[in-house]
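Working notes for the structure below.
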Amino acid sequence: MRLTVNGEIFESADAGTIARLLHELGIEPGRVAVEVNYSIIKKADYSTFSLNEGDKVEIVNFVGGG
């Protein structure tokens, strides 16, 4: 499956859901927000939200500080 992740083309053989994509990228799901095709996806839906060929995914990591 070919996705655009944070503006870069990403080829994945296993990213059927957001949860699987985050696992493949080595990203902890609890520390990020995910947008697919300009819609924010709820964390509760990461394991069931299906990604499709050509989807545009933005993953935002929260950073603490002042």
R2 side chain to E53 main-chain N or O, any donor-acceptor pair under 3.5 Å?
no
Are there more than 12 heavy atoms of other residues, nucleotides or ligands under 6.0 Å from atom CD1 of I40? no
When rounded to the nearest 0.5 Å, the distance separating CD1 of I41 from OG1 of T48 is 9.5 Å
Under a 4.5 Å cut-off applied to non-hydrogen side-chain atoms, are I59 and L25 in contact? yes
Heavy-atom nearest pair, S47 first then A19, reads CA-CB, 3.7 Å
- So do the side chains of N61 and R31 get within less than 4.5 Å of each other, counting heavy atoms only? yes
- Message: Less than 4.5 Å apart, side chain to side chain, heavy atoms only: is that true for Y46 and L22?
- Response: yes
Hey, any chance F49 and I27 share a hydrophobic cluster, counting ILVMFWY side chains that come within less than 4.5 Å of each other, even indirectly?
yes
When N37, L51, T4, I18 are each screened for side chain to side chain contact (heavy atoms under 4.5 Å, CB included) with V57, the one that passes is L51
Practice task
Could you go through the side-chain contact (heavy atoms from CB on, under 4.5 Å) check for F10 and M1 one step at a time?
Solution key: CA-CA 8 Å; F10 181 75; M1 176 183 301; over 6 Å; no
Hey, does the side chain of D55 reach the backbone of L3 with a donor-acceptor pair shorter than 3.5 angstrom?
no
So does K43 have more than 12 non-hydrogen atoms from other groups sitting under 6.0 Å from NZ? yes
